[in-house]
Amino acid sequence: MRDIPIAIFCLFLSLSSPLWAGLTPGTYEYGGLGGKSSGRVQVRVSSATYADKPATLVEIVTEMKTPTFTGVDTSVTKDVAYVGASGLQYFKREMIEKGRTDSIEGWPEGTDLIVWIRKGGQRVSLGVPLKSFDMSEFEMELPSSKLARLKLRGAPRARVFYVDALSSLMTVRNVNEHRVVRFNDRDVEIFIVNTNAEGRTVTSWFETKTHRLLKEMGVDRLLIRVE
């Protein structure tokens with residue numbers, strides 16, 4: 001990726017959201033370790049059209065509550081992405097907090113993914129070369145993704161564009177173990193998967209037969225499926 005201008009990077013620092021490595025459709029409860037924050041994540045994947053062509057629509061809504069000295073701050077992040085036969089066609093991330101909405105959106109144009117950042121009345125853009133990544137974070141769990149093809153002792157890898165990093169990171173998924181665990185009062189066969197994006201690692205439980213994410217653990221958070 002091209003170097004990010006300092007002005008853009010500073011604008012972007014407060015617009016990022018946690019790295020989710022294995023979100024599949026459903027509802028999850030979120031907990032920050034140490035009680036720093038809590039919330040809920042909802043994921044929907046559906047068939048749609050974009051620019052009059054068939055596409056997959058990925059929608060993610062993340063509501064976070066963070067304790068403060070005066071109460072609790074609530075923030076909402078809304079992700080929308082359209083994925084077509086050739087990959088990511090459009091994405092938008094809106095961050096709503098204290099009555100203000102900031103956003104990041106992007107779409108392919110020529111040889112670049114054009115990204116616009118809007119924060120506090122300021123508006124800046126940059127281009128990310130399309131050849132620098134194999135997929136976006138929104139595509140990781142779609143059936144077409146090689147990262148979603150879980151096989152014991154497998155280690156698929158891909159260059160993934162992450163919105164919070166404004167760049168592509170080599171992402172390696174290690175399927176380490178197959179076991180039966182107790183989840184929601186029933187025995188479930190799972191794969192235990194570690195996903196590493198150049199030093200950022202999360203551990204996920206995927207149901208073997210359905211590929212549904214059941215649980216995900218990062219350095220400072222825990223995500224558990226509730227629906």
Side-chain angles (χ1 to χ4, degrees), residues 15-28 30 40-63 76-95 103-116 127-151 154 156-173 175 191 193 195 197 202 204-216 223 225-227:
L15 299 185
S16 60
S17 64
L19 168 68
W20 307 124
L23 288 179
T24 59
T27 301
Y28 306 85
Y30 168 92
R40 176 167 284 214
V41 183
Q42 294 179 302
V43 184
R44 291 186 294 181
V45 177
S46 59
S47 297
T49 58
Y50 185 81
D52 296 324
K53 295 182 179 180
T56 299
L57 171 61
V58 179
E59 300 172 281
I60 306 171
V61 178
T62 304
E63 181 177 328
V76 177
T77 301
K78 297 180 179 179
D79 284 302
V80 173
Y82 288 88
V83 179
S86 59
L88 182 65
Q89 300 300 302
Y90 174 83
F91 78 87
K92 185 172 186 178
R93 172 170 292 171
E94 289 185 307
M95 289 130 296
S103 66
I104 307 168
E105 64 181 326
W107 56 86
E109 190 172 301
T111 60
D112 286 347
L113 178 69
I114 304 301
V115 179
W116 280 96
V128 180
L130 292 170
K131 66 180 181 182
S132 69
F133 59 93
D134 303 309
M135 69 180 72
S136 67
E137 62 180 278
F138 305 108
E139 302 165 69
M140 289 176 63
E141 304 310 324
L142 298 183
S144 58
S145 167
K146 61 183 177 181
L147 292 178
R149 298 166 194 164
L150 302 181
K151 183 180 179 181
R157 63 181 58 212
R159 298 170 302 164
V160 179
F161 172 75
Y162 293 94
V163 176
D164 71 335
L166 278 181
S167 65
S168 62
L169 303 177
M170 178 56 72
T171 301
V172 181
R173 177 164 280 179
V175 185
F191 282 126
V193 178
T195 302
V202 295
S204 308
W205 288 9
F206 286 100
E207 194 168 5
T208 304
K209 294 181 179 179
T210 65
H211 187 73
R212 293 193 317 158
L213 176 69
L214 302 181
K215 185 177 180 180
E216 186 165 287
L223 195 70
R225 173 180 289 275
V226 292
E227 294 179 16

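The model shown is predicted, which means the values in this text are computed figures rather than measured ones.
Relative ring orientation between Tyr90 and Tyr50 is described as parallel, the plane-to-plane angle staying below 30° on a 0-90° scale split at 30° and 60°. Classified by interplanar angle (parallel below 30°, tilted 30° to 60°, perpendicular above 60°), the ring pair His211/Phe206 is parallel.
Going from atom CD of Glu94 over to atom NZ of Lys78 covers 6.5 Å, rounded to the nearest 0.5 Å. Separation of atoms OG1 (Thr171) and CZ (Phe133) is listed at 12.5 Å; rounding is to 0.5 Å. For the atom pair NZ (Lys131) and OG (Ser168), the distance works out to 12.0 Å, reported to the nearest 0.5 Å. For the atom pair OG of Ser103 and CH2 of Trp116, the computed distance is 11.0 Å after rounding to the nearest 0.5 Å. In this structure, Asp112 CG and Trp107 CH2 are separated by 12.5 Å, a value rounded to the nearest 0.5 Å. Rounded to the nearest 0.5 angstrom, Trp205 CH2 and Lys215 NZ are separated by 4.0 Å.
Side chains of Met95 and Ile104 form a contact here, defined as non-hydrogen atoms less than 4.5 Å apart.
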Name every donor-acceptor pair, under 3.5 Å, that has one atom in a side chain of residues 41-48 and the other anywhere in the protein, sequence neighbours excluded.
none

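Only one option out of Leu23, Leu57, Thr56, Asp79 pairs with Phe138 in a side chain to side chain contact (heavy atoms under 4.5 Å, CB included); it is Asp79.
Judged by distance alone, the side chain of Glu141 and the main-chain N or O of Glu139 form no donor-acceptor pair under 3.5 Å. No donor-acceptor distance shorter than 3.5 angstrom exists from the side chain of Ser145 to the backbone of Leu142, with no hydrogens or angles considered. Judged by distance alone, with hydrogens and angles left aside, the side-chain atoms of Thr24 form no donor-acceptor pair with the main-chain N or O of Arg212 at under 3.5 Å.
More than 12 heavy atoms of other residues, nucleotides or ligands lie within 6.0 Å of CZ in Phe191, so this atom counts as buried by the packing criterion.
Residues Gly26 and Arg225 approach most closely at CA-NH1, 3.5 Å, considering heavy atoms. Of all the heavy atoms in Leu130 and Gly110, the pair that sits closest is CD1-O, 3.6 Å. Of all heavy-atom pairs between Gly127 and Ile114, the closest is CA-CD1, 4.5 Å. A pairwise comparison of heavy atoms in Met170 and Arg159 identifies CE-CG, 3.6 Å as the closest pair. The two atoms that bring Met135 and Ala158 nearest to each other are CE-CB, 3.9 Å, heavy atoms only. Pairing each heavy atom of Val128 with each of Leu166, the nearest pair is CG2-O, 4.3 Å.
Arg93 and Glu137 are joined by a salt bridge, as a carboxylate oxygen and a charged side-chain nitrogen come within less than 4.0 angstrom of each other.
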Original post:
Given the rule in the side chain to side chain donor-acceptor pair (under 3.5 Å) test, do Ser204 and Arg173 qualify, once you have shown the distances and angles that lead to the verdict?
Top reply: CA-CA 10 Å; Ser204 308; Arg173 177 164 280 179; 5.7 Å; no
Original post:
What do the steps show when you test Tyr30 against Thr62 for side-chain contact (heavy atoms from CB on, under 4.5 Å), and what is the final call?
Top reply: CA-CA 9 Å; Tyr30 168 92; Thr62 304; over 6 Å; no
Original post:
Passes side-chain contact (heavy atoms from CB on, under 4.5 Å), Glu105 versus Val80? Steps please.
Top reply: CA-CA 9 Å; Glu105 64 181 326; Val80 173; over 6 Å; no
Subject >> From CA spacing to verdict: side-chain contact (heavy atoms from CB on, under 4.5 Å), Tyr162, Met140 >> reply: CA-CA 11 Å; Tyr162 293 94; Met140 289 176 63; 3.9 Å; yes
